[in-house]
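Just so it is clear: chains get the letters A, B, ... in the order the sequence lines come, proteins before strands, and each one is counted from 1.
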Amino acid sequence: MHPILKLVTQRLALGLLLLLAASALIFIGVELLPGDVAQSILGQSATETALRNLREELGLNEPALTRYFKWLFAALQGDLGTALTNGQSISKAVGERLGNTLFLAFWAALFSVPLAIVLGLIAVRYRNRWPDKLISGITLSTISLPEFVAGYLLMYLFTVKIRLFSPISTIYSGMSLGEKLSAIALPVMVLVLVVLAHMMRMTRAAILNVMQSAYIETAELKGLRPFVIIARHAFPNAIAPVVNVVMLNLAYLVVGVVVVEVVFVYPGMGQYLVDHVTKRDLPVVQACGLIFAAVYIGLNILADVISILANPRLRHPK
Amino acid sequence: MNDELKYLLGRTVQGKHSRRAFLGRAGALGVSAAMANTLLAGAARAQEPKKGGLIRMGMQGGESTNTLDPALAASEVPFAVNMTWGEMLTDVDPHGNLDMRIAEEVSSSPDAKTWKFKIRQGVEFHNGKTVTAEDVLATMQRHSDESSQSGALGIVQGIESMSAEGDMFTVTLASGNADLPYLMGDYHLIIQPNGGRDDPAAGIGAGPYKVVVNEPGVRHGFEKHANYWDDRIGHADQTEILVINDTTARVAALQAGQVQMINRVDPKVYGLLKKAPGILVHATPGRGHYVFIMHCTAAPFDNNDLRMALKLAINRQEMVDKVLGGLGSVGNDFPINSAYPLFDDTIEQREYDPDQAAFYYKKSGHDGTPIVLRTASGAFPGAVEAAQLYQQTAAAAGIPLEIKREPDDGYWSDVWNVQPFCASYWGGRPVQDQMYSTAYLSTAEWNDTKFHNEKFDGLLIAARAELDNAKRKSMYAEMAHILRDEGGLILPMFNDFVEGVSDTIGGWESDPNGELMNGRAHVKCWLA
């Protein structure tokens, strides 16, 4: 078997095991929360009778272990079930939400990844001079700003002062691509600001590391232009750490943007998950947890494979 | 026309300023009296409902877990959503009078035990079926049967039997209740085809709008139900409710014109938003109130002197000013205010009196250990700050309070109605009887102060069947006195509903029954 294929298969198998472990952990976590679904649905207005009836209907009287395995077997057959709270099909709801989340993440990544890498390259080219300091200064300030503050600032600027964009980023089917892009402009800006610094700094550090090597000196002595040395000779050897950071940030764009979703009223996975955790809606929490875990594991496998492909020494192990 | 003049004009038409005040202020802005009169006449004409358009509301209080099943509605967005597509037998108008909806007429036997509701002819569900007495019967059965999870279970429990004959729906109660027509306006009791037994969350009702989009926690879209019977409401062709839980985003959406109305304007930004061009901010006194509740059966609160000491040790006006930003009114330790019919305004207002509080505290013989007050930021907005204020004013009377901050998660299951002293809130009810029966009758399921008083219970039952309003009013006043002086309720404040409305909206009316004109602002208003 080709070593890469073998590696991917191994990682996938391990990933599946991790997913199973994650599902068990999520289940235990939700079980440990005070109150139950019935109590959360009915809230302050719960009467004993109503609680009893609702628990019965939702099957909450069965032992936790039975419920977990019932859920697991259904999930293995591709049936994520229905939400306990509103009876909607989870697959359908999650499908829409995940689509929205990926849409937002895609556009944020499309702008932030190339921008971060190019800025990183420029920073190396002018290291310790004003362009480097300016780039680091700006990106580090934007990452230090909490997302919601950045969100409010942009909102104030672009919706209240200059009425360029809509403060509400709700998108739905039936909107044209242009309308959708205009709707998500502000959250994309915020996300780009948030993830830029991490990737930019990593690109800068990784390349600087390589710049110490003897072969770079050779390239310099050959009389190559500094930017060509950085882009053509140093960067390929710095890809592995950069890819890892890029993947971590991509994963963050998918699973960690709940604050941005709330501020801009964007119907993504984060808000959906938080709502259902509050209501102890276990099947939904499980489904979301699994998807999030799968995104993380998948992107990490991808990062590993790319770093190996980028490094001939790893590509041909002894 | 400049913004200030526009603003004045809007306020005057809505009755916030008198005509004379408008003319005076317009004069100060350099507008002649004749011109001002013309303006006013034009603005008043604009108050005639206009048809068509799209009205959007941005609201807090919606989650992706919401359902359209009216039995399970509990938070603000499902409430407003259900008020868009659904309709009850009756409703309560802003002045506290009965508004006949699906029931056209109502009559009762002299003992208020048997009630007959005549079903309006030609009311049509969104699926084209005509509303019949059988549908009404099935609805009430669904909410009252053994397996019901309905929030209205407490209301329909007292029903002994029901029947439907022709266009008449008849209810027989176990004991008389003069308020039954009001209770039938409870927002859970939306009439659904076959009572909603086939699919309770279908969103098919007889209300002015049909559900077109239902994305819980995101948005709810509606279009006009062409065959709706009442053309006094439902002016816009389409309406939409956007869930915007973030306060800042909601205000920004209103300012940017994305939505025309929002609920829950933060008292902190009330003053600023009022100055924003094109926006009116309404503070509507309602029946909702914020409370601290003591269990009358648990030590040390089983001692009425200690309860009295704690009631005297709270500074109500300071709470209204600081916690509500002045957008509310002081409470008087019973859950009724002037927004209720048959309210007695002669009951003496309890004031903050540290000396009296210290006297009662000493008299109670409490051992001086700190009294634990539990609170959570979710108990009511500002509950933690309110508890801290309370701690300070109580300390001035020599009463040590210890504040225990609980997590929001599980507050309603593990703290409220479980711990003997905690912060909470009530949304209010349309009539006094319902408020008292829900939370202060000895046998009530939500008797969260564990208040047991035979005389109070007796008066409540007697007042319920009393059809003479004068007698009834004096009975309610007597009950209020009992609860105020002996109950476990500390009621520092009634909160206003604070809402932001664009000046492109006509027909706004202040409604104490619930926020955003009792959930129907988008149904009753129009685009001016």
Side-chain angles (χ1 to χ4, degrees), chain A residues 33-54 56-57 83-88 93 96-97 100 148 151-152 155-156 159-160 163 165-172 174 259 262-267 271-281 284, chain B residues 58 62-69 71-72 74-75 145-151 153-154 157 199-201 213-219 221 242-246 248-259 276 407-414 416-417 424-427 438 445-446 448:
Chain A
L33 291 172
D36 69 353
V37 191
Q39 185 85 51
S40 314
I41 294 178
L42 298 173
Q44 191 208 22
S45 57
T47 63
E48 274 309 312
T49 330
L51 276 177
R52 205 169 45 241
N53 292 335
L54 193 56
E56 185 120 350
E57 191 182 301
L84 296 181
T85 41
N86 59 8
Q88 288 198 341
E96 279 170 24
R97 295 282 186 143
N100 290 345
F148 69 94
Y152 289 155
M155 199 189 277
Y156 178 70
T159 70
V160 179
R163 297 202 171 182
F165 297 114
S166 136
I168 299 177
S169 303
T170 311
I171 60 168
Y172 35 86
V259 174
V262 171
V263 168
F264 291 103
V265 200
Y266 188 78
Q271 185 60 52
Y272 184 69
L273 175 64
V274 170
D275 280 352
H276 286 84
V277 171
T278 325
K279 291 277 192 276
R280 320 280 186 273
D281 194 334
V284 180
Chain B
E63 296 108 22
S64 39
T65 47
N66 294 150
T67 158
L68 288 179
D69 181 352
L72 297 177
S75 46
D145 72 10
E146 292 277 302
S147 62
S148 166
Q149 305 134 18
S150 175
L153 192 59
Q157 247 168 3
D199 182 2
V213 181
N214 177 38
E215 294 175 30
V218 184
R219 68 188 187 115
L242 296 178
V243 180
I244 313 178
N245 286 317
D246 185 82
T248 314
R250 205 160 55 248
V251 171
L254 177 68
Q255 282 183 289
Q258 288 278 308
V259 295
D408 284 352
D409 246 16
Y411 190 78
W412 302 117
S413 51
D414 298 338
W416 177 74
N417 223 350
S424 176
Y425 76 96
W426 278 100
T438 307
E445 253 182 288
W446 301 331
D448 58 5

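- Interface residue Gln255(B): backbone and side-chain heavy atoms are both found under 4.5 Å from chain A.
- For the pair Thr170(A) and Arg219(B), the tightest heavy-atom approach, listed with the atom from each and the gap, is CG2-CD, 4.2 Å.
- Side-chain atoms of Gln258(B) and Pro167(A), non-hydrogen and from C-beta on, do get closer than 4.5 Å to each other.
- Only the side chain of Gln88(A) has a heavy atom closer than 4.5 Å to any heavy atom of chain B.
- Residue Arg97(A) touches chain B through its side chain alone, counting heavy-atom pairs closer than 4.5 Å.
- Nearest heavy atoms, Thr159(A) versus Ala256(B): O-CB, 4.0 Å.
- When the options Val218(B), Asn245(B), Ile244(B) are evaluated for a side chain to side chain contact (heavy atoms under 4.5 Å, CB included) with Val265(A), the one that passes is Ile244(B).
- With a 4.5 Å cut-off on non-hydrogen atoms, Val243(B) touches chain A through its backbone but not through its side chain.
- Residue contact with chain A, scored on non-hydrogen atoms closer than 4.5 Å, is absent for Asp199(B).
- Both the backbone and the side chain of Ala252(B) come within less than 4.5 Å of a heavy atom of chain A.
- Only the backbone of Asn66(B) comes within contact range of chain A, with heavy atoms under 4.5 Å apart.
- Neither the backbone nor the side chain of Leu68(B) comes within less than 4.5 Å of any heavy atom in chain A.
- Put simply, the side chain of Asp246(B) never gets that close to the backbone of Val262(A): no donor and acceptor are under 3.5 Å apart.
- The parts of Ser166(A) that come within reach of chain B are both its backbone and its side chain, each placing non-hydrogen atoms under 4.5 angstrom from that chain.
- Partners of Tyr272(A) by ring pair (Phe, Tyr, Trp, His ring centres under 6.0 Å), not counting sequence neighbours, listed by chain and number: His276(A).
- Here the side chains of Val263(A) and Thr248(B) are not in contact, with every heavy-atom distance at 4.5 Å or above.
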